[in-house]
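Every chain is numbered from 1 and lettered A, B, ... according to where its sequence line falls, protein lines coming before strand lines.
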Amino acid sequence: MVFVFKTYNYDHPWALVNLGIWRKYPNKQCAHVISVDVLDRTIDPKTGIIRTERILGVRQKAPLWVLKLLGGSEHAFVREISFVDPAARRTTLTSVNLSLSQYVTVLEQISYTPSHTHPLARTKFTQSAEIQARLAIWKSLGTQLEKWSVQRFGDNAEKGRVGFEDVLRNLWNRREEVQVQEAHS
Amino acid sequence: MASSLSSECTPLKLKYDACFNSWFEGYLEPITPSGAPLSAAAVQQRNKDKAEEYDRKCGQVWKTYRECVQKAVTNKNLDQLLKEAREDNPLKDPPPPPGKNRRASRDRPRLANCTLSMLFVMYAAFKWSRRSNSMLRCIP
């Protein structure tokens, strides 16, 4: 598992940053995000917390050989869950890849909170990512290796069988010859 | 605003996004006539009013847009992936703030995963070495 952690301060108040979250795409800097859709959205009438589930379509930058090997396509999808908590003044976004998730999951957590030093003017951004290869990648490689091994073993066993049969046939023929010679003498 | 994953849904998506954004504007900065912070009771009342306002203003377009997206998700074979992702991480509540030592309990199944995969590799290597042996001997 790999961890990545980053923090940054935006020179904008938290409320404005929140407006920006819903207007972030399309974005020239993030041209890999092609589509954004809201799948679910609830607004808690008690707490005021807005929970949003989105699906982002991205053009993935994985090397072509990886996609070929693992059977992925150039278009990948990411599920993102966000919570905007007006009382705690905290916004969190959690996103996980849907495509190729049986092999590798990239779980990204982002939070936006008013900065400690300038709560009205600045917003603290924190980002962490956990990148984890799944057991399935071993299984898949293991299965491939096993298949290949079985194939190789079968081929070699066949060669061995044919070779041994030749030896036996030769032995048999030679014995026949000997018997014939003995009968004649 | 970015387009939808299905071009057919994009006009509905843009309409819905515009509705939500205009509702959301000012949501996090409640303005009081005196400029003083709202009382707890007033906050509760406002949350309730805003939730109702959202339903009233955006409910209809949300319904049609959602139907369209759900169909597109099914057409792109994303249903199963989404179902699994929702089971893995339901995320019904906001994640706890950092520093609350939430890792400890989640690390155990991962450790087990790691150990299992290492055992598997060792087992595969063991099987492989036995096979190569018998191949060398050329005995069926």
Side-chain angles (χ1 to χ4, degrees), chain A residues 1 14-15 18-19 22-23 25-26 33-41 43-51 55 57 77 79 81 83-90 92 94 96 98-99 101 107 109 111 126 128 132 134-135 138-139 142 145-146 149 152-153 156-161 163-164, chain B residues 1-6 9 13 16-17 20-21 24-30 43-44 46-48 50-52 54-55 62 65-66 69-70 72-73 76 78 81-82 84-86 88-89 91-95 97-98 110 113-114 116-117 120-121 123-124 127-128 131 134-135 137-140:
Chain A
M1 201 190 325
W14 179 72
N18 273 276
L19 294 181
W22 312 117
R23 293 169 168 85
Y25 306 109
V33 176
I34 310 163
S35 70
V36 181
D37 279 287
V38 179
L39 292 179
D40 190 39
R41 183 171 266 150
I43 295 147
D44 190 322
K46 278 200 189 109
T47 60
I49 294 176
I50 305 171
R51 178 189 184 272
I55 186 163
F77 289 93
R79 172 180 176 249
I81 306 290
F83 294 92
V84 179
D85 187 339
R89 297 187 85 67
R90 183 161 172 262
T92 53
T94 308
V96 189
L98 291 176
S99 313
S101 55
L107 188 125
Q109 292 244 28
S111 79
T126 66
S128 70
Q132 192 193 13
R134 291 276 183 121
L135 185 61
W138 295 113
K139 263 194 195 148
L145 188 68
E146 272 189 347
S149 315
R152 278 291 299 273
F153 179 71
N156 283 318
E158 180 60 17
K159 278 181 205 157
R161 190 187 64 78
F164 193 51
Chain B
M1 285 174 267
S3 54
S4 169
L5 80 166
S6 156
C9 307
K13 181 215 134 75
Y16 168 71
D17 275 356
F20 173 79
N21 285 341
F24 187 66
E25 192 103 26
Y27 182 71
L28 301 174
E29 297 163 299
V43 168
Q44 280 228 326
R46 185 178 176 274
N47 286 343
K48 203 170 150 267
K50 283 298 274 182
E52 282 170 10
Y54 169 76
D55 281 339
W62 165 239
Y65 165 53
R66 190 160 81 151
V69 171
Q70 273 171 352
V73 162
K76 297 217 179 245
L78 293 167
L81 288 171
L82 268 173
E84 283 164 18
R86 282 169 181 157
D88 282 353
N89 286 304
L91 289 158
K92 290 285 174 205
D93 297 298
R110 284 183 182 172
N113 259 0
C114 185
L116 261 177
S117 50
F120 184 85
V121 169
Y123 172 70
K127 271 175 105 174
W128 172 245
R131 273 174 190 158
S134 62
M135 273 190 282
R137 275 187 262 130
C138 197
I139 290 170

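- We find that A:R23 and B:D17 are not joined by a salt bridge, their nearest charged nitrogen and carboxylate oxygen being 4.0 Å or further apart.
- For A:R41, the parts lying near chain B are the backbone and the side chain together; criterion is any non-hydrogen pair under 4.5 Å.
- Shown here are the side-chain hydrogen bond (donor to acceptor under 3.5 Å, both in side chains) partners of A:W14, two or more places apart in sequence or in another chain: A:T91.
- A:V38 has its side chain out of reach of B:V69: every pair of non-hydrogen atoms, C-beta onward, lies at least 4.5 Å apart.
- Residue with the most contacts toward chain A among B:D88, B:V43, B:L82: B:L82 (heavy-atom pairs, distance under 4.5 Å).
- With a 4.5 angstrom heavy-atom cutoff, B:K48 touches chain A via backbone and side-chain atoms both.
- A:L19 touches chain B through backbone and side chain together, each having a heavy atom under 4.5 Å away.
- In terms of non-hydrogen atom pairs under 4.5 Å with chain B, the most contact-rich of A:T47, A:T126, A:I55, A:V33 is A:T47.
- With salt bridges taken as basic N to acidic carboxylate O contacts below 4.0 Å, none links A:D85 and A:R89.
- For a residue to count as touching a neighbouring chain, one of its non-hydrogen atoms must lie under 4.5 Å from one of that chain's; by this rule B:Y54 touches chain A with the side chain only.
- There is no contact between B:D55 and chain A, counting heavy-atom distances below 4.5 Å.
- Using a 4.5 Å cut-off between heavy atoms, B:E84 does not touch chain A at all.
- At least one side-chain heavy atom of B:R86 sits less than 4.5 Å from a side-chain heavy atom of A:L39.
- Residues B:R66 and A:D40 are paired through a salt bridge, judged by an N-O separation under 4.0 Å between the basic side chain and the carboxylate.
- The aromatic rings of A:W22 and B:F20 sit perpendicular, their planes meeting at an angle over 60°, well past the 30° parallel limit.
- Contact count versus chain A (heavy atoms, under 4.5 Å) is highest, among B:A51, B:S6, B:P94, for B:P94.
- For A:T92, the part lying under 4.5 angstrom from a heavy atom of chain B is the side chain only.
- Within the 4.5 angstrom heavy-atom criterion, only side-chain atoms of B:L78, from C-beta onward, approach chain A.
- When all heavy atoms of A:Y25 and A:V36 are compared, the pair lying nearest together is CD1-CG2, 3.8 Å.
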